[in-house]
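To start, the structure under review is shown below, and the notes come after it.
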Protein chains: 2
Amino acid sequence: MPLIIDSIEKHVSLTPEEKELFASKLEIQQHKAKTILLSPGEICQYSYFVNSGVLRSFNINDNIVEHVLQFACKGWWIGDMYSLISQKPGNLFIEVLEDAELVLLSKENQEQLYTEIPKLERFFRILIENSLVAHQERLMDNLSLSAEERFDKFCKRYPDLMQKIPQKQIASYIGVTPEFFSKMKSRILKNKI
Amino acid sequence: MPLIIDSIEKHVSLTPEEKELFASKLEIQQHKAKTILLSPGEICQYSYFVNSGVLRSFNINDNIVEHVLQFACKGWWIGDMYSLISQKPGNLFIEVLEDAELVLLSKENQEQLYTEIPKLERFFRILIENSLVAHQERLMDNLSLSAEERFDKFCKRYPDLMQKIPQKQIASYIGVTPEFFSKMKSRILKNKI
DNA sequence: TTTTGTACTTAACCTAGGTTAAGAAAGCAT
DNA sequence: ATGCTTTCTTAACCTAGGTTAAGTACAAAA
């Protein structure tokens, strides 16, 4: 599994033995689109690394409205962080949007690796730092930008996702209804002409 | 500085020598309310731990509107994570809201400590994990809850802050204007009677 | 080929929250 | 006490985005 190793070695370098030890703790799974890997109420046991395909994490509030927390495509990690670290029942769905090959790292194996290969604890520290910064920026964007500006940023940040996923998912990610998203999109088109 | 050590030992235990090494890397500062510790465009050099007092981090968008990213009172860490890890100019102000005693840990010292005392890298990994979970929850709340529900959660989560800071700051944190916040507050009062 | 379901669009109408403006209250310094 | 500044309130009016509902366009089953 070269992709996951490569992505780690962008931040820390591993010896061949360390790579082997690491690889021995991983599990590979193939999943079809629409598969639900995790549902609210369940305890998240894995960090998922995406070799190919697209996943999303989202929740559903009382009104049956979905809200997307994260998309993950090739080279990204996804999971229910809250449930994973607390080992309590989570609030998120994790769903496969496009047929995917995933690398699974169980909570226990991850903890073991932290002590067996401290460089991996560093890697995950850095990974989570970057994720925190991204979430902080998205939070501030939601507080200060209009829907159109958020959409604009989304297009620039995830240009490849636009083709791959239904636009209602993007609407949900930027925090508007599919109807408003559609209205907004046609307004943008008109203004460009 | 017992508070910062205590807060670390809730997650990892340190030997007396490690505590001493750690303490030797810290700097203590007193600051009056209204002091600006960091402004947009500057590069953040420190993680700030709050011994006493209250701080906030916030940004200002084009329209001269402030948005609060975080409050920090006794026992909390604050900083501009984006600028700190990238060592690029940041977007945040960090301001003292109530006279404060702070413990400063410089970026270089923090990196040194990670290798000198790997347990500290673990501590900060856990700290950041928790921060990430909190930001994820706040993000989802902003997508799915009304202003009143967000205010409700804020009151429950930070009951002590209500007395300490001007309510316009709380309005800014939950993402509404001070005027609307005031209207909402009086509506809530009426409904309780 | 028809059916069925899901995604997308459009339009009329609605509301949570924003804007503007003016006054009241409360700190804080002189 | 007296002004000066900042915070808070209220009210009239406004708008971004939500809701409801109906219709269109596909794609997957059957």
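Note that these values count all heavy atoms, side chains included, but never hydrogens, waters or copies made by symmetry. Note that the structure is a prediction, hence the values are computed from the model and not measured.
Rounded to a whole Å, the NZ atom of A:Lys164 is 18 Å from the P atom of C:dA7. A straight line from CD of B:Gln167 to P of D:dT6 spans 17 Å, rounded to a whole angstrom. Between B:Met162 atom CE and D:dC8 atom P the separation is 10 Å, expressed in whole Å. A straight line from CD1 of B:Ile170 to C1' of D:dT9 spans 16 Å, rounded to a whole angstrom. If you take CZ of A:Phe151 and C1' of D:dG17, they are 16 Å apart, rounded to a whole angstrom. What separates CZ of A:Phe181 from P of C:dT9 is a distance of 9 Å, to the nearest Å. Remark: P of C:dT15 and CZ of A:Phe180 are 18 Å apart, rounded to the nearest angstrom. Between B:Leu189 atom CG and D:dT10 atom P there is a gap of 10 Å when expressed in whole angstrom units.
Using a 4.0 Å heavy-atom cutoff across all strands shown, A:Lys183 reaches at least one base atom of the nucleic acid.
Across C:dG17, C:dC8, D:dC8, the shortest atom-to-atom separation from the side chain of B:Lys185 is found for D:dC8. You'll find that the side chain of B:Ser182 is closest to D:dT10, out of D:dG17, C:dG18, D:dT10. Picking from C:dG18, C:dT9, C:dA7 the nucleotide with the shortest atom distance to the side chain of B:Thr177 gives C:dG18.
Summary of the strand contacts: B:Lys34 and A:Glu179 both lie near DNA chain C, and taking for each the nucleotide with the nearest heavy atom, the more 5' one is attributed to A:Glu179.
Cation-pi check for A:Arg157 over A:Phe154 is not met; the charged atom does not lie both under 6.0 angstrom from the ring centroid and within 45 degrees of its normal.
Taking the charged nitrogens against the carboxylate oxygens, B:Lys153 and B:Glu137 do have a contact shorter than 4.0 Å, which makes a salt bridge. A salt bridge is absent between A:Lys74 and A:Glu101; no separation between the charged side-chain nitrogens and carboxylate oxygens falls under 4.0 Å.
Residues A:Gln29 and A:His31 have side chains that bring a donor and an acceptor to within less than 3.5 angstrom of each other.
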Apply the test side chain to side chain contact (heavy atoms under 4.5 Å, CB included) to residues A:His67 and A:Tyr173: give CA-CA distance (whole Å), side-chain angles for both, the deciding distance (0.1 Å), then the verdict. CA-CA 6 Å; A:His67 292 281; A:Tyr173 182 92; over 6 Å; no
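The side chain of A:Arg150 places an N or O atom within less than 4.0 Å of a non-bridging phosphate oxygen (OP1 or OP2) of D:dG17.
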